[in-house]
Structure formats: structure tokens, C-alpha cells
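In what follows, a structure is listed as C-alpha cells, so that the remarks can point back to it.
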Amino acid sequence: MVNAQMLSGYLDNSFNALMVSGGGESGQPQNGGTDTTLSGWKDLPMELLLRIISVAGDDRMAIVASGVCTGWRDALGWGATSLSFSCQDHMNELVISLAHKFTKLQVLSLRQIKPQLEDTAVEAVANSCHDLRELDLSRSFRLSDRSLYALAHGCPHLTRLNISGCSNFSDAALIYLTSQCKNLKCLNLCGCVRAASDRALQAIACNCSQLQSLNLGWCDTVTDGGVTSLASGCPELRAVDLCGCVLITDESVVALANGCPHLRSLGLYYCQNITDRAMYSLAENSRIRSKGMSWDAAKSSRGRDDKDGLASLNISQCTALTPPAVQAVCDSFPALHTCPERHSLIISGCLSLTAVHCACAHHRHRAGAGRAILSNHAY
């Protein structure tokens, strides 16, 4: 059995031989009579092709590789598992022409600067890339429900899906997608105003119990009914962005605090119906979980407080909140910081909350006071 070092040396020698031969023109034996020269790109070992493609997995590499020879085209299908198309022109045609060559693809980014992608391209991906796990379709304004139905049929193993800004999708198509793609862990629906309805959130809660991250930013038809369904059906949620969901109230935050013990990030920007009750609910749940922890668990968690509980909270423009309530949350979660170095409690636009400070600020204040006392005693 050839070990990894020997294989690596062989691949390096093969590549160097190809460079020296200039595509096989010399044809002369090298290295003491051993013929290691290659007659052309077609003779490049498959392992080396796979290594090259794995290092340079973007759209330019795909275009070049697919046009070199049949070996390179085969390598694309056998070895490429991750690809990012970042071209600014003709993306739709490019995806359609190449999708069938990437049967092993697991990660695909089709993020666009200007909208080009159409349903035909997504259908091509769904028809060929059945092992796809992660897909980014953000800002694909031209897509319709056809794309979601195609993904539901062709890519049932999806775990991460970004369709932020895809405003044409309906909630019916999203509901069907979640009924087929039940392994979803990260779902970005930011700006999907039609798709992200309470009915769709209830379907997500029923179908996607493993969901860990959900972005509902600016989905302004979402209400407490949808969020409370999520909190009860998706207990593994770590990150929830409700920024701009102007209809939600304290009920949503209370439900998340009670139902999602692993919650690390919560976005409530411009949710102006949120009051102190929501903040005290977050703080109280932190205390309840701490009290319910066994002695051994409590000992093992010392020094790791930053890894548990809320680490990011955005309450900007939540103007109904008062300093005592927000301070209670800040005191309950050591990972929340108001200091500039580790700014994770975001309170911009709330002038009444300027008195709220994290533990770092209190430590600095006490240290400064102590230095002042020592300085006074020195004289």
C-alpha cells in the first residue's frame, strides 16, 4: 500500500514533469532513464486533477477544466464537491451548461451582484446535484415557485438554504419544500415577505425540528403565532433574526426564551412592540437553567460562561425598553457586551439605555477608581 508521502511525491513529480515537458513535446526520459514525462493534460493522474479542482473551486476553474479534455470533465464530476459561481454575466446559461457535470456537488453558491438566475438554472441543478447540502440563491429576484418545487424533488438532503431577497416565492412553495427537505438546519428568508407567513413558519416547526438558524429579517407579516410555533417545534434554534418583524410582541420572545435553551443570537431591531417583559423573560430563563444545573455540570461549566446563553442581542430602536430590564439581561449573560471591543449587545437608537453596561465596563470603572485612590494616597 502506497503511503500518503509517497503518493504526494508522485503527484508532485508528475506535475513537475508536465511543466518541464511543455505538454509532452520533448518526450525524452528523465531522472536516470525513468520516463516520468507526460504526453499531455490527458495523462495527468486523476488524483492530481482532483487536488487541483479542490483547491480552485470557482466558476472560472469549472469553465477551464471542463474544456481541457474528457479527463478533466470526468474529474469535475468525480471530485468537485464545492463550487461558487461569481460571474457577473451569463450565469444562467453557465449553470445550465455545467450542472450535469457536478453530480457529487454538496455546496453551491450562486450569489449574484445583479439578478440573472432563472428557474431553468435551478431546475438543472436540482436534476443533477442530488447530494446537494448547502445552496445560496440570495438576491435571485427572477426566481419563482418553480425553483423551490424543483429543489424539493431533487435535493432532499439540503441542510443550509439561503433564499434571502427572493421576493417572488410563495408560502405554499416554501411549505412544500420543508415537507421534503426535513434536514434543514440553516434557513435564510430575509426579505421573503410572501413566503415567510405564519402558515409557513408552522410548517417549518412541524417538518424541520433540527433547525438551528432562521433569518426572518423584514418579513413584516410574521406574527406571534408563527414565532411561538417555531419555538415549540424547533428547540435546537441557536440564532433567530426577527429584525423588522414589526407585528411581533413580547409573546414571541417569551416563547423563544422558554422553548429554545440553546439560543445564542437574537435580532429584534425595530421590533417596537417589545417591552421589558421580554427582557425579564430572557434573564429569568437564564437563572432557571443555572439553578437546574447539577453540581458536577456547574463545576465543569465554570470559566466557560461565554459559550452558553445569549452571545448576541440586537434591540436597536426598541424604544419601549428601560435600563433596569436590559441591564438584567446583560447581567444574566456574560457573553453580552456593550464595550466597543466586544460589542454584542446592540442598543443604538435607544437613548434611554446608555446607562446599561456589561461586566467589562464595570471592571474598568472599578479599576479606574482604584488607580485614582492609589494616586491620591501617593501624594
Side-chain angles (χ1 to χ4, degrees), residues 41 48-169 173-174 177 181 183-192 195 213 215:
W41 288 109
L48 186 52
L49 292 178
L50 297 182
R51 181 201 286 186
I52 294 171
I53 291 170
S54 66
V55 170
D58 59 11
D59 55 325
R60 289 170 294 180
M61 181 63 189
I63 296 170
V64 173
S66 64
V68 171
C69 63
T70 56
W72 281 76
R73 285 193 289 273
D74 290 341
L76 282 173
W78 295 345
T81 59
S82 178
L83 192 62
S84 175
F85 284 86
S86 57
C87 57
Q88 298 184 27
D89 297 303
H90 310 296
M91 176 182 280
N92 201 70
E93 293 79 3
L94 180 63
V95 173
I96 292 172
S97 65
L98 293 178
H100 68 280
K101 299 174 183 177
F102 295 94
T103 56
K104 303 297 183 183
L105 206 61
Q106 295 186 10
V107 180
L108 177 61
S109 175
L110 299 175
R111 188 182 295 257
Q112 304 151 81
I113 297 175
K114 58 182 180 180
Q116 305 171 57
L117 209 63
E118 298 177 1
D119 292 322
T120 50
V122 178
E123 288 169 341
V125 170
N127 289 335
S128 300
C129 308
H130 302 303
D131 290 330
L132 201 63
R133 301 298 200 272
E134 302 180 17
L135 178 61
D136 187 345
L137 295 174
S138 54
R139 295 177 57 81
S140 298
F141 305 131
R142 296 183 179 181
L143 298 184
S144 73
D145 286 350
R146 279 174 53 191
S147 291
L148 292 190
Y149 285 120
L151 291 173
H153 287 293
C155 305
H157 305 299
L158 280 174
T159 59
R160 300 174 67 95
L161 177 62
N162 184 349
I163 53 173
S164 60
C166 299
S167 54
N168 291 329
F169 293 150
L174 180 59
L177 176 83
C181 303
N183 296 321
L184 281 171
K185 292 185 177 180
C186 298
L187 182 59
N188 191 336
L189 301 175
C190 182
C192 298
S213 176
N215 190 333

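No more than 12 heavy-atom neighbours from other residues, nucleotides or ligands sit within 6.0 angstrom of CZ on Arg160.
Here the closest heavy-atom approach between residue Glu134 and residue Leu158 is recorded as N-CD2, 4.1 Å. Counting all heavy atoms, side chain and backbone alike, Gln112 lies closest to Arg139 at O-NE, 3.5 Å. Between Ser128 and His100, the shortest heavy-atom contact is OG-CA, 3.3 Å. Listed here is the closest heavy atom pair of Arg146 and Glu123: NH2-OE1, 2.8 Å. Shown here for Cys192 and Cys166, the closest heavy-atom pair between the two residues is SG-O, 3.8 Å. Ser144 approaches Phe169 most closely through the heavy-atom pair O-CE2, 2.9 Å.
Atom CG of Leu132 is separated from atom OG1 of Thr81 by 11.0 Å, given to the nearest 0.5 angstrom. How far CG of Leu189 is from CG of Asn162: 9.0 Å, rounded to the nearest 0.5 Å. A distance of 11.5 Å separates CD1 of Ile163 from CG of Asn168, quoted to the nearest 0.5 Å. Once rounded to the nearest 0.5 Å, the distance linking CG of Asn183 with NE2 of His157 reads 8.0 Å. In this structure, the separation between CG on Leu174 and CG on Leu161 is 8.5 Å, given to the nearest 0.5 Å. Once rounded to the nearest 0.5 Å, the distance linking OG of Ser97 with NE2 of His90 reads 11.5 Å.
Checking side-chain atoms of Asn188 against main-chain N and O of Ser164 turns up no donor-acceptor pair under 3.5 Å.
Side chains of Phe102 and Leu108 form no contact here, defined as non-hydrogen atoms less than 4.5 Å apart.
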